[in-house]
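One structure is given below, encoded as structure tokens.
Note that the coordinates shown come from a computational prediction; the quantities given were computed from them, not determined experimentally. To find a chain, count down the sequence lines: A is the first, B the second, and so on, and within it residues start at 1.
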Amino acid sequence: MALKFHNTLTRSLVPFTPLTAGKVHLYTCGPTVYNRVHIGNLRTFVWEDVLCRALRYLGFETVQVMNLTDIDDKTIRGAIQEGITLKEFTARHVETFFEDLATLNVSPAAHYPRATDHIPEMVEIVKKLTERGHTYESDGSIWFRIASFPSYGKLARVDLSSMQRGARVADDEYEKEDVRDFAVWKGWKEGEPESATWTTELGKGRPGWHLECSAMSMKYLGETLDIHTGAVDNIFPHHENEIAQSEGATGKEFVRYWLHAEHLIVDGEKMAKSKGNFFTVPDLLSRGHSPRAIRYLFLSVPYRQKLNFTFESLAAAASAVARLESLDLRLGERARSTGASAIEDGVEAKISSFQNEFREGLEDDLNTAAALGALFSFVREANADLESGQLSPAGAAAFQRALRGADSVLGVLPKAEAGLLDSEIQAKIDLRQAARKRRDFAAADAIRDELAALGITLEDTPAGVRWRRKS
RNA sequence: GGCGACGUACCCAAGUGGCUAAGGGAAGGCUCUGCAAAAGCCUGAUUCGCCGGUUCGAAUCCGGCCGUCGCCUCCA
């Protein structure tokens with residue numbers, strides 16, 4: 001089986017081949033930095049991370065670009081409200097955004113361009129659009145004339161006949177030729193702060209929404225991208241308008257594969273601050289939930305399905321992650337023990353059948369649920385071999401490599417070993433072992449409880465005491 | 001109103017015409033254990049929202065109904 005993706009452009013599953021063999025250029029729509037991102041946003045960002053990791057696992061090189069939209073109505077409003085400059089306002093939210101990505105173990109993209117650093121590039125696009133007759137001026141702003149772009153609507157499949165030419169929308173302060181025309185350059189208006197205003201060949205004002213994505217994606221990835229992603233709400237108007245602007249300016253196909261993630265909902269409802277079901281990563285961490293469980297929960301539902309976030313499923317995810325972590329620990333122990341050095345035949349067969357199934361899951365439009373199914377069948381087999389006592393250290397090491405290979409896509413195992421054994425912890429463990437030896441179980445349990453309170457879990461195993469930190 | 005998605009066990013979820021309907025979690029039993037923890041084994045949908053239809057055969061295709069949800073200009 002070969003890699004396939006669901007392309008929003010055709011609404012069908014299609015084989016994927018990048019423009020340049022072996023190398024994928026992808027643009028993953030990033031945040032507008034006006035608040036702390038919520039778990040719904042992060043579902044999309046984690047999916048985009050897994051997409052990139054999966055592409056690399058499948059042997060592609062990736063160049064990922066994620067924009068930071070730091071100029072729009074919401075960021076301006078926020079800056080005005082707080083009485084600070086636009087840059088000061090957005091810098092805060094950029095910072096917490098990267099914090100949340102790091103918490104959820106998202107691998108960094110190659111570039112995180114900011115809209116405000118690319119004003120000249122945006123101006124260039126507007127000029128090109130104007131040369132090609134795609135724009136007009138009205139009320140000091142420059143608009144994209146949809147009537148000049150016949151294939152407008154091809155992504156969102158909007159019905160153009162519902163457009164009313166020459167209509168003026170009651171609550172719209174601009175005079176447009178067509179209600180669906182959109183601004184590529186917004187003329188300065190009374191009250192807009194200096195920090196959010198640029199004086200360019202186009203006049204005094206600021207770029208329209210959508211334009212930053214066209215400018216920055218093409219700057220870093222070329223005029224035709226392999227993949228462009230976002231959540232479903234971006235299909236219209238954002239991505240539709242990006243196509244119009246970009247293709248209008250270059251005359252070339254803008255994006256070959258459009259991928260869109262479904263939304264996350266909470267308890268079956270759209271997340272909303274007013275409903276009290278609105279969560280951020282710090283919210284969940286303060287309730288004692290693990291970032292790795294959050295990440296696992298996101299992966300357990302394929303990206304084109306709505307993900308119903310509940311605390312029950314978050315707890316289930318935590319258990320599943322703990323099981324993976326436990327296997328990794330046990331395999332590591334066995335791998336370091338002494339014994340036969342050759343890998344037994346059965347081990348290789350189990351690994352390759354697991355890897356095939358895992359890969360097939362990923363290749364099937366990033367079906368992470370199917371991939372996880374394959375992983376846990378493998379977990380069962382590895383545990384059974386471990387339990388039998390027959391698994392060689394080399395076999396255990398091979399199993400562990402396979403497990404960690406899969407985790408290079410999933411990213412739910414703990415980061416590399418936490419350095420040296422904490423000598424204090426080891427001293428407590430030794431004390432407890434002494435107490436157990438003299439059958440003073442009350443003292444032994446007291447020590448275990450004491451460590452548990454510090455987030456250290458002990459497990460007595462035939463091979464000795466195993467301990468780990470609660471993540 | 002227009003467009004679209006979804007409805008599989010207690011919860012999450014794979015599965016898109018044909019082997020015994022993946023996998024995870026929770027639950028119960030057993031093994032191991034001082035007790036825990038971890039791990040293993042076993043148990044668990046004659047059934048895929050409901051009703052019809054097509055077919056030798058459908059969770060999978062078609063029609064209707066019921067239910068849930070989303071988008072329709074700045075929400076990922």
Side-chain angles (χ1 to χ4, degrees), chain A residues 11 13 28-32 34-35 37-48 69 72-75 156-159 161-162 169 172 179-183 208-210 229-238 240-241 260-265 268-272 296-297 300-302 304-327 329-330 357 361 364 367-380 382-388 436 439-442 444-445 448-449 452 457-462 465-468:
Chain A
R11 310 286 155 107
L13 223 47
T28 51
C29 249
T32 298
Y34 71 107
N35 62 3
V37 293
H38 58 248
I39 56 173
N41 298 304
L42 287 162
R43 189 249 176 138
T44 300
F45 299 138
V46 167
W47 158 65
E48 288 162 345
T69 295
D72 82 319
D73 292 349
K74 287 173 302 207
T75 49
R157 305 200 170 180
V158 291
D159 181 8
S161 66
S162 69
V169 180
D172 195 324
V179 288
R180 297 220 175 174
D181 286 347
F182 57 93
W209 182 44
H210 318 303
T229 67
V232 287
D233 57 276
N234 281 148
I235 296 172
F236 191 84
H238 187 50
E240 191 67 59
N241 289 353
H260 291 97
E262 252 298 347
H263 281 167
L264 173 148
I265 55 179
E269 291 187 300
K270 184 169 178 169
M271 194 162 52
Y296 181 95
L297 178 57
S300 68
V301 181
R304 288 198 299 121
Q305 292 289 318
K306 275 192 260 297
L307 190 156
N308 187 16
F309 179 94
T310 64
F311 284 99
E312 192 181 359
S313 29
L314 185 55
S319 298
V321 170
R323 201 162 150 215
L324 295 177
E325 182 181 345
S326 172
L327 174 62
L329 275 170
R330 282 162 30 105
E357 236 187 291
D364 183 17
N367 187 338
T368 46
L372 287 173
L375 175 61
F376 276 94
S377 298
F378 170 72
V379 167
R380 175 183 295 271
N383 272 321
D385 283 359
L386 221 34
E387 199 69 18
S388 75
R436 291 180 73 206
R439 304 190 68 77
D440 182 357
F441 296 120
D445 288 352
R448 185 169 60 194
D449 290 345
T457 307
L458 299 189
E459 292 166 17
D460 298 329
T461 78
V465 183
R466 174 187 304 141
W467 69 278
R468 55 175 135 162

Restricting both atoms to N or O, compile the protein contacts to nucleotides 74-76 of chain B shorter than 3.5 Å, with distance only.
unit_1: B/C74; atom_1: O2'; unit_2: A/Lys74; atom_2: NZ; d: 3.3
unit_1: B/C74; atom_1: N4; unit_2: A/Lys186; atom_2: NZ; d: 3.0
unit_1: B/C75; atom_1: OP2; unit_2: A/Lys74; atom_2: NZ; d: 2.6
unit_1: B/C75; atom_1: O5'; unit_2: A/Lys74; atom_2: NZ; d: 3.1
unit_1: B/C75; atom_1: O2; unit_2: A/Lys270; atom_2: NZ; d: 3.1
unit_1: B/A76; atom_1: O4'; unit_2: A/Asn41; atom_2: OD1; d: 3.0
unit_1: B/A76; atom_1: O3'; unit_2: A/Asn234; atom_2: OD1; d: 2.4
unit_1: B/A76; atom_1: O3'; unit_2: A/Asn234; atom_2: ND2; d: 3.0
unit_1: B/A76; atom_1: O2'; unit_2: A/Ala231; atom_2: N; d: 2.8
unit_1: B/A76; atom_1: O2'; unit_2: A/Asn234; atom_2: OD1; d: 3.4
unit_1: B/A76; atom_1: N1; unit_2: A/Gly40; atom_2: O; d: 3.4
unit_1: B/A76; atom_1: N1; unit_2: A/Leu264; atom_2: N; d: 3.1
unit_1: B/A76; atom_1: N3; unit_2: A/Gly40; atom_2: O; d: 3.0
unit_1: B/A76; atom_1: N3; unit_2: A/Thr44; atom_2: OG1; d: 3.1

Sort me out a list of protein N/O and nucleotides 35-41 of chain B N/O pairs below 3.5 Å, or just none if empty.
unit_1: B/C35; atom_1: O2; unit_2: A/Arg448; atom_2: NH2; d: 2.7
unit_1: B/C35; atom_1: N3; unit_2: A/Arg448; atom_2: NH1; d: 3.2
unit_1: B/C35; atom_1: N4; unit_2: A/Asp460; atom_2: OD2; d: 3.0
unit_1: B/A36; atom_1: N6; unit_2: A/Asp460; atom_2: O; d: 3.1
unit_1: B/A36; atom_1: N1; unit_2: A/Asp460; atom_2: N; d: 3.0
unit_1: B/A36; atom_1: N3; unit_2: A/Arg448; atom_2: NH1; d: 2.9
unit_1: B/A37; atom_1: N1; unit_2: A/Asp460; atom_2: O; d: 3.3
unit_1: B/A38; atom_1: O3'; unit_2: A/Ser326; atom_2: OG; d: 3.2
unit_1: B/A38; atom_1: O2'; unit_2: A/Ser326; atom_2: OG; d: 3.1
unit_1: B/A39; atom_1: O3'; unit_2: A/Asn383; atom_2: ND2; d: 3.1
unit_1: B/A39; atom_1: O2'; unit_2: A/Arg330; atom_2: NH2; d: 3.4
unit_1: B/A39; atom_1: O2'; unit_2: A/Glu387; atom_2: OE1; d: 2.7
unit_1: B/G40; atom_1: OP1; unit_2: A/Asn383; atom_2: ND2; d: 2.9
unit_1: B/C41; atom_1: OP2; unit_2: A/Arg380; atom_2: NH1; d: 2.8

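Annotation: B/G2 and B/C65 have their P atoms spaced 14 Å apart (nearest Å). Between B/A58 and B/G67, the distance separating the two P atoms is 28 Å to the nearest Å. Rounded to whole Å, the C1' atom of B/G15 lies 9 Å from the corresponding atom of B/U60.
Under the Watson-Crick or G-U wobble criterion, with both distances below 3.5 Å, B/A9 has no partner in any strand shown. When both distances must be under 3.5 Å, the Watson-Crick or G-U wobble mate of B/U54 does not exist. For B/G28, the paired base is B/C42 (Watson-Crick or G-U wobble, both distances below 3.5 Å). In a base pair of the Watson-Crick type (N1 to N3 plus N6-O4 or O6-N4) or a G-U wobble (N1-O2 and O6-N3), with each distance short of 3.5 Å, B/G17 is matched with no nucleotide. Using Watson-Crick or G-U wobble geometry with both donor-acceptor distances under 3.5 Å, B/G70 finds its partner in B/C3.
Note on A/Asp460 versus A/Arg436: salt bridge recorded, some NZ/NE/NH1/NH2 to OD/OE distance being below 4.0 Å.
Classification of the A/His210-A/His238 ring pair by plane angle, with boundaries at 30° and 60°, yields tilted.
Listed by chain and number, the residues in a salt bridge (Lys or Arg N to Asp or Glu O under 4.0 Å) with A/Asp233 amount to none (sequence neighbours excluded). The salt bridge (Lys or Arg N to Asp or Glu O under 4.0 Å) check on A/Arg43 picks up nothing, with sequence neighbours excluded. Applying the salt bridge (Lys or Arg N to Asp or Glu O under 4.0 Å) criterion to A/Glu262, with sequence neighbours excluded, gives A/Lys306.
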Next item on the list: Quick one, give me the B/S/- string for nucleotides 12-18 of chain B, reading 5' to 3', where B means a protein heavy atom under 4.0 Å from the base and S means that only happens at the primed atoms, P, OP1 or OP2.
Entry: -SSS---
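Contacts of A/Phe441 with the nucleic acid, taken as non-hydrogen atoms under 4.0 Å apart, include base atoms.
To the nearest 0.5 Å, the span separating CH2 on A/Trp209 from NZ on A/Lys74 amounts to 7.0 Å.
Taking atom CG of A/Asn241 as the reference point, atom C1' of B/C71 lies 15 Å away to the nearest angstrom. Atom P of nucleotide B/G34 and atom CZ of A/Arg439 are separated by 7 Å, given to the nearest angstrom.
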